[in-house]
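In what follows, a single structure is set out as structure tokens and then discussed.
Atoms within each ligand, like the ligands themselves, are counted from 1 in listed order.
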Amino acid sequence: MGFTIAIDGPAAAGKGTLSKAIAAHFDFAHLDTGLLYRAVGAKTLLGVQPLDAALKLVAADMEDTDLRTPEVAQAASKVAIIPEVRAALVDFQRAFGARAGGAVLDGRDIGTVICPEAKVKLYVTASAQVRAERRYLELSAKGDVSTREQVLADVKARDARDMERVEAPLKPADDAVLIDTSDLSIADAIAQAIGVIEAHTGE
Ligand code: DC
């Protein structure tokens, strides 16, 4: 089995940016597992049953350009509560994690459920206010008209749903290293993460 890096944390904590930078630095493959749930959530908005959507998911569904909207994010968080939907997505994620060349997976349950044997587990977080502000700036740059208040409420609703669900709730694995990006620049967060991973590479 290759070197697996599990990165979990709440919405807009910086997981995506960190994961891409880490994957590029170590030349590992990267899977944004949130995209799987977003692709299923997007289908439910079109009337497809969640389990049906999960069972029939294909790679092209993840390339849909509309998966980054607030509506799809909420729909993703809702389908992610359903145990059968989660179960349908496990094998693909585990196979990705076991890639010989090394893999970085980011999501909510990577270190706890999908890859509990990962060599390095990071739990990336930031205050709800900081995360909402980042998401707000990202959305307004894309022309979205949501207010700061709406974005903060959305972030908090998604946190609650992701952390309080029964199946695979968002929480740090016992052996995860915590990185709080609230007061870190992107460069500092990346440097910190790479430092943690390098400390494990000789093991
Ligand atoms: O990381 P993201 O914001 O794209 O994730 C969207 C939703 O998908 C998130 O609110 C909960 C769900 N999700 C999950 O339950 N487990 C994962 N490993 C990744 C995402």
Q: With heavy atoms of Ala76 as the reference, note each atom of ligand 1 found under 4.0 Å away.
A: 6 (C), 7 (C), 8 (O)
Nearest protein heavy atom with distance in Å, relative to [atom]:
atom                    : answer
atom 19 (C) of ligand 1 : Thr33 OG1, 3.4 Å
atom 5 (O) of ligand 1  : Arg108 NH2, 3.5 Å
atom 16 (N) of ligand 1 : Arg86 NH2, 3.1 Å
atom 13 (N) of ligand 1 : Tyr37 CD1, 3.6 Å
atom 6 (C) of ligand 1  : Arg158 NH1, 3.4 Å
atom 4 (O) of ligand 1  : Arg38 NE, 2.6 Å
atom 12 (C) of ligand 1 : Ala80 CB, 3.7 Å

No-hydrogen, no-angle side-chain donor-acceptor test under 3.5 Å, [X] and [Y]:
X      : Y      : result
Asp180 : Thr125 : no
Thr181 : Arg134 : yes
Ser77  : Arg161 : yes

Q. Does Asp32, backbone or side chain, put an N or O under 3.5 Å from an N or O of ligand 1?
A. no
**Q.** Asp61 versus Lys43, closest heavy-atom pair with distance
**A.** OD1-NZ, 3.2 Å
Q) Any heavy atom of Arg165 sitting closer than 4.0 Å to ligand 1? A) yes
**Q.** Minimum side-chain heavy-atom gap Arg165-Arg108 below 4.5 Å
**A.**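 Touching, per the 4.5 Å side-chain cut-off.
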Q: Determine, for Phe96 and Arg94, whether the Lys NZ or Arg CZ falls below 6.0 Å from the six-membered ring centre while staying within 45 degrees of the axis.
A: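 So Arg94 doesn't make the cation-pi contact.
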For residues 80-92, which side-chain donor-acceptor pairs fall under 3.5 Å, sequence neighbours excluded?
unit_1, atom_1, unit_2, atom_2, d
Arg86, NH1, Ala80, O, 2.9
Arg86, NH2, Tyr37, OH, 3.2
Arg86, NH2, Asp109, OD2, 2.9

